[in-house]
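When a ligand or atom number is given, it counts from 1 through the structure's own listing order. Scope of the values below: all heavy atoms of this structure, side chains included, with no hydrogens, waters or symmetry mates.
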Amino acid sequence: MEDNDGKQKKAGGRLCSICTQRKAALKRPKTLEQICRECFFDVFEEEIHKVIIDNQLFKSGERIAIGASGGKDSTVLAYVLSELNRRHNYGLDLFLLSVDEGITGYRDDSLETVKRNEVQYGLPLKVVSYKDLYGWTMDEIVKMIGLKNNCTFCGVFRRQALDRGAALLKVDKVATGHNADDIAETVLLNILRGDIARLGRCTSIITGEDGPIPRCKPFKYTYEKEIVMYAYFKKLDYFSTECIYSPNAYRGFAREFIKDLERIRPRAILDIIKSGEDFRISTTTKMPEQGTCERCGYISSQVCYIFSCLHI
Ligand SMILES: Nc1ncnc2c1ncn2[C@@H]1O[C@H](COP(=O)(O)OP(=O)(O)OP(=O)(O)O)[C@@H](O)[C@H]1O
C-alpha cells in the first residue's frame with residue numbers, strides 16, 4: 001500500500017471504503033480513506049470532471065491547448081483531459097503546447113517526453129522556443145545576468161511564449177497543470193510579500209479573460225500527492241527533474257510549510273485556497289497597473305525592462 005509519502009506498505013487485507021468489494025490498495029492523501037486503485041482512478045477523474053463542469057471551464061467545439069512541460073502535472077492533465085473529453089463528450093479539440101526555454105539538461109530532455117506523449121495520447125504538439133521568439137535561450141540569459149532574478153525573467157517570457165504559441169494554434173484557451181498545492185503556496189507567498197493584487201487573482205480558476213487567450217486550471221483542487229500517485233499507478237511517461245536554474249528559497253520554504261501542515265491536517269491545502277478566495281481587498285488599497293509591452297503589444301509590465309536589460 002502507498003502511504004502519503006509514496007512509500008510502500010502492506011495492504012493488510014482491508015476492503016476499499018468506497019466499493020467495499022476490492023482490497024484497499026492506497027490511503028487517499030486528500031481524505032485519508034483506504035481505497036482500491038480502481039476507485040481511486042474514478043474519484044480522481046470524476047472530481048476533475050466536476051470542477052470542469054461546475055466552473056464551466058470549456059465550451060463544446062473549443063480548441064484547447066494544454067501547456068505541456070513534460071512534468072507530472074501537465075502529463076496527467078493531458079491524459080485525464082483526453083479521457084474526460086471522450087467519456088463525457090466535451091467536444092474539445094485538444095493540443096499540446098510546449099515552450100522550449102533553451103535549458104540544456106532540463107528542457108531538452110523533458111521535451112522528448114512531451115514528444116512521446118504526443119504519440120501516446122494522439123494529441124498534436126506545437127513547440128515554441130525562446131530562441132526563435134526572443135533570440136535568446138535561458139542558458140544564454142543566465143550566462144549574461146547570473147542566477148539572480150532569472151526565474152522572474154523566465155516566467156515573463158514563458159507567459160508570453162504560451163500566448164504566442166496559443167495564437168499560432170488558434171486555440172480558445174490554455175489549460176495548465178497548476179495544482180492545489182501550487183495555488184495554496186502562491187496564496188501564502190502573496191500574503192508573505194503583501195502582494196494584494198496578486199493575492200486577489202491567484203485563486204481564480206480562469207484568468208486572462210480580458211487578455212488575448214484565457215488560461216484555466218482544471219487541477220485547482222487536485223492534490224499534488226494524488227497526481228503523483230495517479231501517474232505512478234497509470235504508469236504515465238513523465239519527466240521528473242527540477243529546473244536547474246530555480247533555487248527559489250522563499251517559495252521552497254512556503255512549499256515545505258504547506259507540506260508540514262498537510263501531514264498534520266490534509267484539508268489545510270483546501271483551506272488555504274479558500275482563505276485566499278475569501279479575502280476582501282479594501283477599495284483604498286492601491287493596485288499596480290498591468291502594462292502592455294510597447295514593442296510587442298502583449299500584456300506585461302516587465303517585458304520592456306527585461307528587453308532593455310538584455311540590450312535587445
Ligand atoms: N515549458 C513549458 N511549456 C508549456 N507549459 C508549461 C511549461 N512550463 C510550465 N508550463 C505549464 O505551467 C504549469 C505549472 O508549471 P510549473 O513550472 O509550476 O511546473 P510543475 O509544477 O513542475 O508542473 P509540471 O509537473 O507539469 O511540469 C505546468 O503544469 C504546465 O501546464
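By the definition of a contact as any protein heavy atom under 4.0 Å away, atom 21 (O) of ligand 1 is in contact. Counting protein heavy atoms under 4.0 angstrom from atom 24 (P) of ligand 1 gives one or more.
Put simply, CZ on F219 and CD on E226 are 11.0 Å apart, with the number rounded to the nearest 0.5 Å.
Residue, atom and distance of the protein heavy atom nearest to atom 17 (O) of ligand 1 are R158 NH1, 4.6 Å. Closest to atom 28 (C) of ligand 1 among all protein heavy atoms lies G177 N, 3.9 Å. Closest to atom 27 (O) of ligand 1 among all protein heavy atoms lies S69 OG, 2.6 Å. Ranking protein heavy atoms by distance to atom 3 (N) of ligand 1, first place goes to V99 N, 2.9 Å. Nearest to atom 30 (C) of ligand 1 among the protein's heavy atoms is G67 O, 3.1 Å. In terms of protein heavy-atom proximity, atom 14 (C) of ligand 1 is nearest to H178 NE2, 3.4 Å.
The main-chain N or O of S17 is never found under 3.5 Å from a side-chain atom of T20 such that the two would form a donor-acceptor pair. Side-chain atoms of N117 come within 3.5 Å of backbone N or O of D237 as a donor-acceptor pair. Side chain of S98 to backbone of A68: a donor-acceptor contact under 3.5 angstrom is found.
Residue contacts with ligand 1 for A68 involve N, CA, C or O but no side-chain atom from C-beta outward (heavy atoms, distance under 4.0 Å).
Where the criterion is an N or O separation shorter than 3.5 Å, residue side chain and backbone included, T75 fails it with respect to ligand 1.
Less than 4.0 angstrom separates some heavy atom of S98 from each of these atoms of ligand 1: 3 (N), 4 (C). Numbered from 1 in the order shown, with element, the atoms of ligand 1 that lie under 4.0 Å from a heavy atom of K72 read 25 (O). Contact atoms of ligand 1 toward L97: 4 (C) (distance under 4.0 Å to a heavy atom of the residue). Shown in contact with D73 at under 4.0 Å from a heavy atom are these atoms of ligand 1, numbered in order with element: 20 (P), 21 (O), 23 (O), 24 (P), 25 (O), 26 (O), 29 (O).
Look at E277 and K220 and you find a salt bridge, because one of the NZ, NE, NH1 or NH2 atoms lies within 4.0 Å of a carboxylate O, short of that distance.
Residue contact annotation: R107 has a non-hydrogen atom under 4.0 Å from ligand 1.
Residues Y238 and I48 are members of separate hydrophobic clusters, defined by side-chain heavy-atom contacts under 4.5 angstrom among Ile, Leu, Val, Met, Phe, Trp and Tyr.
Cation-pi geometry between K234 and F41 is met: the NZ or CZ atom falls under 6.0 Å from the ring centre, inside 45° of the normal.
For E224, the salt bridge (charged side-chain N to carboxylate O under 4.0 Å, His left out) partners two or more places apart in sequence, or in a different chain, are K72, R255, K259.
Ring centroids of F44 and H49 are separated by 6.0 Å or more, keeping the two rings apart.
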